[in-house]
Amino acid sequence: MSPSAVTSDGHAAIGTNGLKKGHSESKNTPLTWTTFSNVIDGKLETTKETRCGINPATEQNNPSVPVASKEDVDRAMIAAQKAFKPWAAVPYAERQKAVLEFADALEAEKEPFSKFLTQEQGKPIQFARMEIDTAVAWMRATASLELPVEKTDAGDKEIVVRYTPLGVAVGLVPWNFPILLAAGKLAAAVVTGNPIIIKPSPFTPGGGLKLVELAQRYFPPGVVQVLSGDDNLGIWLTAHPTPAKISFTGSTATGKKVMESASKTLKRVTLELGGKDPAIICDDVKIDDVAAKIATFAFLNSGQICLAVKRILVHEKIIDEFRNALVKHTKLLKLGEGNKEGVFLGPIQNSMQFERVKGFFADIEKEGMNVAVGGKNPGGKGYFITPTIIDRPAEDSRLVIEEPFGPIVPLLSFANDEEAITKANNTFYGLGASVWSGDVDRANRIAQQIEAGTVWVNTHFEMDPSIPFGGHKQSGIGNEQGMAGLKSYCNSQTLYLRKSNL
Ligand code: NAD
């Protein structure tokens, strides 16, 4: 169907690239960062009730944001459903173009988005900028993929397998990468022809609201919407009968609730959940080099990354020397407010998570753990936690089994490769893992025996947005990124087409 045929539906009239856009700011008007709105059917809206997130470095209020009601959810669902067919009918190339233009717009607004991200999420400004760059790259990579149409010649028939959009999607986003994860879901949904309603975390709502406000300049009303709210909102969205798909990134515990709720109408789900990534350090590594990298991958984003190194498994022959190098490099990592020069670790993002991480510190004394570095927290304003390594805690301790999602990591030992593999796999998580060795054949052999969605050799947390990403075991279901990520927003349809009349 051509763009003009879309117009005749009355849902999307011709714009500069064939589509009428939502909220009609000129493309070059900078966003304002004082008011934050929901976006329903192309319009910016506020709500009777509002709330504020907290800047985790200062504990001061961030700007107020809407609290969506159940009625707002219903209206957003109606707008999304109305937008679905016309948007699905827009040619693929035109949808790709819209996503690419939107990615350019985010890139142009990189600085204000980054500054606000530091204020709202807490991460140091250089990592906030990196998050925006990665969001732009993810959107571009997603928009450059083409869904395949697979054809099989079968005598008098041609069998065609194609991928058609599912319908209304909901994107539930956590607080650790609020822009990146919203942008990735948004791009994959809309390029494949699905409208999406984004729900940011109540702890980091502002960035997601602005992202979707910016999107209105590139997509017709109802195609990209956003609702900010309280703890009820995710439940209302996942229980609503309209969506065909829920894309959820967050904790394993919440993921199970989302799946249960989605099962009522058999909504498709993609669940990107928690992790307990092991890094296996063999006895033939360059100790100082690898220790520096492991400190980075354990404490980046203050340990609040699904793919952070959360268990450091070191060969017993080198564990003491490795621990000393790790301690040296960890001590170099500066903790503080994200705009201060040289800061590597910002605060924990919110008070709830702060209390949870502090619970792991309480275990240190209770269980008589050996603190290799850190262990004492600064106190005062802000949710700051000192990067901490615990030397060989009990293997059944909470710190070894659970995901603290903060900067406290256990150092564990193994005697041989077999034992390293067994220990690495001894978890109900299966998100990522890495193997570090001077002998790549050995490392590659170990890597192939690890039960995780992504396994790296001599690196960790390296992501390519054109390659699928997902978890094994209780770290998730399905994929984001790459062709598998695109297909997760589609039905596969098989057509047995006749070549001639009977
Ligand atoms: P969370 O599960 O508390 O919340 C995630 C989102 O779900 C938020 O928007 C929240 O408001 C919403 N939500 C909460 N309860 C809900 C319910 N009952 N129904 C529907 N939605 C609901 O997660 P979080 O604390 O924001 O994020 C941290 C977790 O996310 C960690 O476990 C981390 O490992 C995981 N994570 C995973 C990935 C991945 O790609 N695998 C990426 C980032 C974070």
Side-chain angles (χ1 to χ4, degrees), residues 92 95-96 99-100 102-104 106-107 110 114 123 126-148 163 171 173-174 176-192 211 247-249 270-275 277-280 290 293-294 296-298 300-301 304-310 429-437 440 443-444 446-448 450-472 475-490:
Y92 200 85
R95 298 201 300 257
Q96 287 173 306
V99 173
L100 291 171
F102 176 44
D104 292 346
L106 177 59
E107 191 172 48
K110 172 176 161 180
S114 304
K123 65 184 65 186
Q126 72 275 21
F127 297 126
R129 291 189 182 114
M130 214 180 277
E131 178 169 343
I132 307 304
D133 286 340
T134 314
V136 169
W138 189 353
M139 289 203 282
R140 286 181 180 150
T142 300
S144 66
L145 293 169
E146 297 279 349
L147 280 171
Y163 296 90
V173 180
N176 62 341
F177 287 90
I179 302 297
L180 174 65
L181 297 171
K185 291 179 195 303
L186 189 164
V190 300
V191 82
T192 47
L211 184 76
S247 175
F248 170 82
T249 304
T270 301
L271 304 176
E272 297 290 0
L273 310 177
D277 289 16
I280 297 175
V290 174
K293 288 178 182 147
I294 294 296
T296 303
F297 292 126
L300 199 62
N301 214 34
Q304 303 167 115
I305 305 185
C306 53
L307 286 167
V309 169
K310 297 191 183 117
Y429 288 115
L431 195 59
S434 54
V435 185
W436 302 75
S437 170
V440 287
N444 291 346
I446 297 172
Q448 289 172 64
I450 305 296
E451 298 159 355
T454 305
V455 187
W456 294 274
V457 168
N458 291 341
T459 188
H460 200 102
F461 194 41
E462 195 177 278
M463 300 290 279
D464 178 334
S466 60
I467 302 294
F469 165 72
H472 290 189
S475 284
I477 290 183
N479 293 103
E480 286 195 317
Q481 300 188 162
M483 189 54 72
L486 275 195
K487 285 182 181 174
S488 78
Y489 284 91
C490 301

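Worth knowing before you read on, the calculation uses all heavy atoms, side chains too, and leaves out hydrogens, waters and symmetry mates. Please read all numbers here as calculations on a predicted model, not as lab measurements.
- The salt bridge (Lys or Arg N to Asp or Glu O under 4.0 Å) test applied to E451 returns K473, not counting sequence neighbours.
- The shortest heavy-atom contact between W436 and V290 is CE3-CG1, 3.7 Å.
- Under the side chain to side chain donor-acceptor pair (under 3.5 Å) criterion, S437 pairs with D284, not counting sequence neighbours.
- Side chain of K310 to backbone of I305: a donor-acceptor contact under 3.5 angstrom is found.
- Nearest heavy atom pair, residue M139 against residue L106, reads CE-CD2, 3.7 Å.
- Contact detail for S475 and G274: the closest heavy-atom pair is OG-O, 2.6 Å.
- Note that CZ of F461 is 11.0 Å distant from OG1 of T454, once rounded to the nearest 0.5 Å.
- Qualifying side-chain contact (heavy atoms from CB on, under 4.5 Å) partners for D133, counting only residues two or more places apart in sequence or in other chains: K110.
- Closest heavy-atom contact between S488 and G485: OG-O, 2.7 Å.
- Residue L145 holds its CG atom at 11.0 Å from OG1 of T192, rounded to the nearest 0.5 Å.
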Working for side-chain contact (heavy atoms from CB on, under 4.5 Å), residues L211 and F102: CA-CA 10 Å; L211 184 76; F102 176 44; 3.9 Å; yes
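- By the side-chain contact (heavy atoms from CB on, under 4.5 Å) test, E462 is found to be paired with W456, T459, residues two or more places apart in sequence or in another chain being considered.
- Smallest separation of non-hydrogen atoms from N479 and E272: C-OE2, 3.7 Å.
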Listing, residues 177-191 side-chain donor-acceptor contacts under 3.5 Å, not counting sequence neighbours, or none:
{"unit_1": "K185", "atom_1": "NZ", "unit_2": "S247", "atom_2": "OG", "d": "3.0"}
{"unit_1": "K185", "atom_1": "NZ", "unit_2": "T249", "atom_2": "OG1", "d": "2.6"}
{"unit_1": "K185", "atom_1": "NZ", "unit_2": "E480", "atom_2": "OE2", "d": "3.0"}

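- Not counting sequence neighbours, E146 has no partner by the salt bridge (Lys or Arg N to Asp or Glu O under 4.0 Å) test.
- With sequence neighbours left out, the side-chain contact (heavy atoms from CB on, under 4.5 Å) criterion links A452 to A433, I450, V455.
- Qualifying side-chain contact (heavy atoms from CB on, under 4.5 Å) partners for K487, counting only residues two or more places apart in sequence or in other chains: L147, P148, E150, Y163, M483.
- Y429 is linked by a ring-ring contact (aromatic ring centres under 6.0 Å, His included) to nothing, counting only residues two or more places apart in sequence or in another chain.
- Rounding to the nearest 0.5 Å gives a distance of 11.0 Å between CG of L486 and OG of S466.
- Using a distance-only test at 3.5 Å, with no hydrogens or angles considered, a donor-acceptor pair links the side chain of H460 to the main chain of L307.
- In this structure, N176 and K123 approach most closely via the heavy-atom pair O-NZ, 2.9 Å.
- Residues passing the side chain to side chain donor-acceptor pair (under 3.5 Å) test with T270, sequence neighbours excluded: K245.
- A search for salt bridge (Lys or Arg N to Asp or Glu O under 4.0 Å) contacts involving R140 returns D104, E107, not counting sequence neighbours.
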Between I280 and I446, is the side-chain contact (heavy atoms from CB on, under 4.5 Å) condition met? List the steps. CA-CA 9 Å; I280 297 175; I446 297 172; 4.0 Å; yes
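- For F127, the ring-ring contact (aromatic ring centres under 6.0 Å, His included) test picks out F344, with sequence neighbours left out.
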